[in-house]
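In what follows, a single structure is set out as structure tokens and then discussed.
By convention in this document, chain letters (A, B, ...) are assigned in the order of the sequence lines, proteins followed by strands, and residues within each chain are numbered from 1.
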4 protein chains.
Amino acid sequence: MSEEETTGIPGGEIRSFVERIQRLEEEKKTISDDIKDVYGEAKSRGFDVKILKKLISILKQDKNERDEQETLLDLYLNAYQGEQ
Amino acid sequence: MSEEETTGIPGGEIRSFVERIQRLEEEKKTISDDIKDVYGEAKSRGFDVKILKKLISILKQDKNERDEQETLLDLYLNAYQGEQ
Amino acid sequence: MSEEETTGIPGGEIRSFVERIQRLEEEKKTISDDIKDVYGEAKSRGFDVKILKKLISILKQDKNERDEQETLLDLYLNAYQGEQ
Amino acid sequence: MSEEETTGIPGGEIRSFVERIQRLEEEKKTISDDIKDVYGEAKSRGFDVKILKKLISILKQDKNERDEQETLLDLYLNAYQGEQ
DNA sequence: CACTGGAAAATGCCGC
DNA sequence: GCGGCATTTTCCAGTG
């Protein structure tokens with residue numbers, strides 16, 4: 001009998017999910033490390049990492065906000081059309 | 001002997017901290033409930049709560065962003081003065 | 001003509017709701033900050049904040065359970081009295 | 001004159017760092033989304049996502065511990081060989 | 001009543 | 001080792 005038939009637990013499927021996620025998390029970690037490296041490089045080029053981070057976070061917020069406003073507009077439009 | 005002398009554990013002080021926090025959390029919960037009530041009232045007046053929430057969250061983001069930019073400006077100023 | 005009559009949009013009422021909610025959220029934030037302060041104070045008095053939080057959450061659990069049991073008791077009582 | 005010579009601010013270099021980081025953060029986000037997708041898929045296959053996450057975090061813990069032990073072993077080995 | 005999205009809390013991580 | 005910051009996890013109301 002196979003493992004699954006024996007235990008009733010689809011171990012192979014779980015293992016497959018686990019491995020896929022572990023692999024993705026590794027990739028994610030690699031990128032996080034890359035980001036750290038870039039900050040380190042910027043620092044060694046004389047930039048203030050704290051300021052750089054703040055700047056990037058503000059740029060990100062700008063983008064988020066534009067997205068949010070689009071969402072709000074969509075909501076308005078839907079509400080309006082819903083009342084027709 | 002007092003409890004503390006007996007056990008070596010400053011129970012009174014812990015208790016005091018616990019009670020202060022519990023009291024604050026109750027107040028916080030009261031306010032959360034008040035907020036829910038206001039949304040409920042708005043809804044009963046015909047407003048779309050989802051839109052209202054989104055609107056308020058955008059207004060909050062605007063404020064956060066302004067604050068962040070001030071923070072960035074402060075950082076710039078400090079960095080600049082630091083180099084004098 | 002009033003703004004509302006002009007635009008057909010009840011801006012004053014929205015604004016009022018928005019402001020009420022913003023005000024409440026500020027109060028809520030103040031209290032959250034107070035809580036953080038108390039934890040900070042406890043920490044500076046030598047307590048382990050993580051453990052303190054666990055303790056408080058357990059006490060809250062207990063309270064919820066007791067409340068539930070009271071609710072249950074009420075239900076039983078009502079059911080019992082309803083059958084008299 | 002170049003922008004940098006004009007303003008005294010090395011804008012091109014900053015911009016380059018900002019863009020590199022933004023690009024990496026986008027990649028990171030893509031992977032995070034992929035991970036979410038996999039969890040979603042697992043869920044739709046009947047798995048309990050919360051438990052799956054716990055499992056993966058425990059496996060990661062184990063791996064860290066094993067890594068630490070390897071590091072420790074390396075230290076011992078080096079110390080031992082250093083004394084030869 | 002399960003699912004989704006969003007708020008709050010907890011945890012972990014990084015640089016100083 | 002600590003404080004601040006990002007991420008993760010948990011919780012909860014609303015929705016279909």
Go along nucleotides 11-16 of chain F 5' to 3' and tag each nucleotide: B for a protein heavy atom under 4.0 Å from its base, S when only backbone or sugar atoms are that close, - otherwise. --S---
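- Applying the side chain to side chain contact (heavy atoms under 4.5 Å, CB included) criterion to C:Lys43, with sequence neighbours excluded, gives C:Val49.
- When DNA chain E is scanned in the 5' to 3' direction for atoms under 4.0 Å from non-hydrogen atoms of chain C, the outermost contacting nucleotides are E:dA8 to E:dT11.
- Remark: A:Arg23 engages no residue in a side-chain hydrogen bond (donor to acceptor under 3.5 Å, both in side chains) (not counting sequence neighbours).
- Projected onto DNA chain F by closest heavy-atom contact, D:Ser57 and A:Lys54 fall at different nucleotides, the more 5' of which corresponds to A:Lys54.
- To the nearest angstrom, C1' of F:dC5 lies 14 Å from CG of B:Leu75.
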side-chain contact (heavy atoms from CB on, under 4.5 Å) assessment of B:Leu75 paired with A:Asp48: CA-CA 9 Å; B:Leu75 287 172; A:Asp48 182 319; over 6 Å; no
Side-chain atoms of residues 34-41 of chain B: list all donor-acceptor pairs with protein atoms under 3.5 Å, sequence neighbours left out, distances to 0.1 Å.
unit_1, atom_1, unit_2, atom_2, d
B:Glu41, OE1, C:Arg20, NH1, 3.3
B:Glu41, OE1, C:Arg20, NH2, 2.9
B:Glu41, OE2, C:Arg20, NH1, 3.2

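- Backbone-only contact: D:Lys28 has heavy atoms under 4.0 Å from sugar-phosphate atoms and none from a base.
- For the pair A:Leu24 CG and F:dT8 P, the interatomic distance rounds to 13 Å; values are reported in whole Å.
- Hydrophobic cluster membership of D:Ile51, counting Ile, Leu, Val, Met, Phe, Trp and Tyr whose side-chain heavy atoms lie under 4.5 Å apart directly or via other members: none, as it forms a cluster of its own.
- Between D:Gln61 and B:Glu25, the residue whose closest nucleotide on DNA chain E is further toward the 5' end is B:Glu25.
- Take A:Glu19 and apply the side chain to side chain contact (heavy atoms under 4.5 Å, CB included) test, not counting sequence neighbours, and it matches A:Arg15, A:Gln22.
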Run the side-chain donor-acceptor check on residues 58-65 of chain B: report pairs under 3.5 Å with partners two or more places apart or on a different chain.
unit_1, atom_1, unit_2, atom_2, d
B:Gln61, NE2, A:Glu68, OE1, 3.2
B:Lys63, NZ, B:Asp67, OD2, 2.9

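- Separating the CD1 atom of A:Ile56 from the P atom of F:dC5 is a distance of 16 Å, rounded to the nearest angstrom.
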For residues 25-32 of chain A, tabulate all N or O donor-acceptor pairs below 3.5 Å that involve a side-chain atom, not counting sequence neighbours.
unit_1, atom_1, unit_2, atom_2, d
A:Lys29, NZ, A:Asp33, OD1, 3.1
A:Lys29, NZ, A:Asp33, OD2, 3.1
A:Thr30, OG1, A:Glu26, O, 3.0
A:Ser32, OG, A:Lys28, O, 3.3

